[in-house]
*Asks:* 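Below you will find the structure I want to go over with you.
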Amino acid sequence: QVQLVESGGGLVRAGGSLRLSCVASGDDFSRYAMGWFREAPGEEREFVSGINWIGGKTVYADSVKGRFTISRVNAKNTLYLQMINLKPEDTAVYYCAAKVSAFVEKEYDYWGLGTQVTVSS
């Protein structure tokens, strides 16, 4: 079973950038499709982006297309989310997720504890 730990969140002004990281342990990272989700106060958790096991296929929510980039380095057991041109509506707790799969997924089995991203206007 894989364990996931996110980092890289923080407070940033609108228009700024952040890079989130998610380090996996406990299993072969390359077995897993990976994803990023976010949950804003009072709202449901929503899908942000997903990537397949090798990194050759990615999917994004419409709200982040062109601003966020998901990537992974299997040799480092690490998933990334590069976020640019951040907006106040991007404020949320961001979660890393994993599922044993070769494909991009929208539903996941394993979750990290999240990292807070706050974008001020």
Side-chain angles (χ1 to χ4, degrees):
Q1 180 172 328
V2 68
Q3 291 85 47
L4 305 170
V5 179
E6 303 95 334
S7 63
L11 173 63
V12 64
R13 290 186 176 181
S17 302
L18 283 174
R19 188 177 78 158
L20 305 184
S21 299
C22 171
V23 176
S25 62
D27 199 353
D28 181 356
F29 184 59
S30 65
R31 296 179 63 214
Y32 292 85
M34 300 296 296
W36 288 100
F37 287 72
R38 66 187 182 186
E39 186 172 338
E43 298 186 13
E44 293 187 355
R45 190 173 298 186
E46 65 171 352
F47 173 82
V48 174
S49 183
I51 189 168
N52 72 338
W53 72 283
I54 195 67
K57 176 67 175 178
T58 58
V59 173
Y60 297 93
D62 287 343
S63 58
V64 307
K65 279 181 183 177
R67 300 187 300 120
F68 290 12
T69 303
I70 190 171
S71 63
R72 64 190 295 164
V73 179
N74 286 354
K76 294 185 176 182
N77 294 339
T78 304
L79 174 74
Y80 300 100
L81 186 68
Q82 178 68 50
M83 307 184 292
I84 65 171
N85 192 20
L86 282 160
K87 304 176 180 180
E89 51 264 43
D90 295 319
T91 295
V93 177
Y94 282 71
Y95 297 92
C96 170
K99 179 177 181 176
V100 175
S101 172
F103 306 104
V104 178
E105 300 286 349
K106 291 285 185 75
E107 297 183 358
Y108 292 82
D109 299 318
Y110 304 101
W111 297 84
L113 295 180
T115 185
Q116 176 71 48
V117 171
T118 303
V119 184
S120 64
S121 57

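Owing to the predicted nature of the structure, the values given are computational and were not obtained by experimental measurement. These values consider heavy atoms only, across backbone and side chains, with no hydrogens, waters or symmetry-generated copies.
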*Asks:* Show which residues join Ile54 in its hydrophobic cluster (side-chain heavy-atom contacts under 4.5 Å, direct or indirect), or state none.
*Replies:*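 Cluster partners of Ile54: Trp53.
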*Asks:* Could you pull out the closest heavy-atom pair between Ser49 and Ile70, with the gap in Å?
*Replies:*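 Scanning both residues completely, I find the closest heavy atoms to be OG-CG2, 3.2 Å.
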*Asks:* Name the atoms and distances for all side-chain donor-acceptor pairs under 3.5 Å in residues 104-114, with sequence neighbours left out.
*Replies:*
{"unit_1": "Glu105", "atom_1": "OE2", "unit_2": "Ser101", "atom_2": "OG", "d": "2.6"}
{"unit_1": "Tyr108", "atom_1": "OH", "unit_2": "Met34", "atom_2": "O", "d": "3.2"}
{"unit_1": "Tyr108", "atom_1": "OH", "unit_2": "Glu105", "atom_2": "O", "d": "2.7"}

*Asks:* Scan Thr78, Leu79, Val2 and name whichever one has a side chain to side chain contact (heavy atoms under 4.5 Å, CB included) with Phe29.
*Replies:*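 Result: among Thr78, Leu79, Val2, Leu79 is the only option passing the side chain to side chain contact (heavy atoms under 4.5 Å, CB included) with Phe29.
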*Asks:* To the nearest 0.5 Å, how far apart are OH in Tyr32 and CG in Asn74?
*Replies:*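 These two atoms lie 12.5 Å from each other.
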*Asks:* How far apart are the closest heavy atoms of Asn52 and Ala102, and which atoms are they?
*Replies:*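 Residues Asn52 and Ala102, closest heavy atoms: CB-O, 3.4 Å.
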*Asks:* Could you label the plane-to-plane angle of the Phe47 and Phe37 rings as parallel, tilted or perpendicular, counting under 30° as parallel and over 60° as perpendicular?
*Replies:*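 Phe47 and Phe37: perpendicular rings.
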*Asks:* List the atom of Asp90, the atom of Tyr94, and the distance in Å for their closest heavy-atom pair.
*Replies:*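 So the two residues come closest at O-OH, 2.6 Å.
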*Asks:* Compare all side-chain heavy atoms of Ser17 with those of Ile84 and state whether any distance is below 4.5 angstrom.
*Replies:*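 SC-SC contact between Ser17 and Ile84 confirmed.
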*Asks:* If I take atom CD from residue Gln116 and atom CG from residue Leu11, how far apart are they, to the nearest 0.5 angstrom?
*Replies:*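 It comes to 9.5 Å.
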*Asks:* Give, for atom CZ of Arg13 and atom CG of Leu86, the distance between the pair rounded to the nearest 0.5 Å.
*Replies:*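 One finds 14.0 Å between CZ of Arg13 and CG of Leu86.
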*Asks:* Is any side-chain heavy atom of Trp36 less than 4.5 Å from a side-chain heavy atom of Glu6?
*Replies:*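 In contact.
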*Asks:* In Å, rounded to the nearest 0.5 Å, how long is the span from NZ of Lys57 to CZ of Phe103?
*Replies:*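 One gets 11.5 Å once the value is rounded to the nearest 0.5 Å.
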*Asks:* Looking only at non-hydrogen atoms, find the nearest pair between Val73 and Tyr80 and report the distance.
*Replies:*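 Val73 and Tyr80 have their closest heavy atoms at CG2-CE1, 3.8 Å.
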*Asks:* Can you name the nearest heavy-atom pair linking Ala92 to Ala40, along with the distance?
*Replies:*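 Closest pair (atom of Ala92, atom of Ala40, distance): CB-N, 3.8 Å.
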*Asks:* I'd like to know if the side chain of Arg67 reaches the main chain of Asn85, judged simply by a donor and an acceptor atom lying under 3.5 Å from each other, with no hydrogens or angles considered.
*Replies:*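 Such a contact is found between Arg67 side chain and Asn85 backbone.
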*Asks:* Rounded to the nearest 0.5 Å, what's the gap from SG on Cys96 to CD on Gln3? Could you check?
*Replies:*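 Result: 12.0 Å between the selected atoms.
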*Asks:* Hey, quick one: are Tyr95 and Val48 part of the same hydrophobic cluster, counting side-chain heavy atoms closer than 4.5 Å, chains of contacts allowed?
*Replies:*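 Result: no, two separate clusters.
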*Asks:* Say you draw a straight line from CZ of Arg38 to CD of Glu46; how long is it, rounded to the nearest 0.5 Å?
*Replies:*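 One finds 4.5 Å between CZ of Arg38 and CD of Glu46.
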*Asks:* Hey, quick one: are Val119 and Leu18 part of the same hydrophobic cluster, counting side-chain heavy atoms closer than 4.5 Å, chains of contacts allowed?
*Replies:*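 Per the 4.5 Å side-chain linkage, Val119 and Leu18 are co-clustered.
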*Asks:* Please check if Leu4 and Val100 belong to a single hydrophobic cluster, counting links between Ile, Leu, Val, Met, Phe, Trp and Tyr side chain heavy atoms closer than 4.5 Å.
*Replies:*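 Yes; tracing contacts between hydrophobic side chains, which count when under 4.5 Å, links both residues.
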*Asks:* Provide the closest heavy-atom pair for Glu43 versus Glu39 in the form atom of the first, atom of the second, distance.
*Replies:*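 Closest approach of Glu43 to Glu39: O-CG, 3.5 Å.
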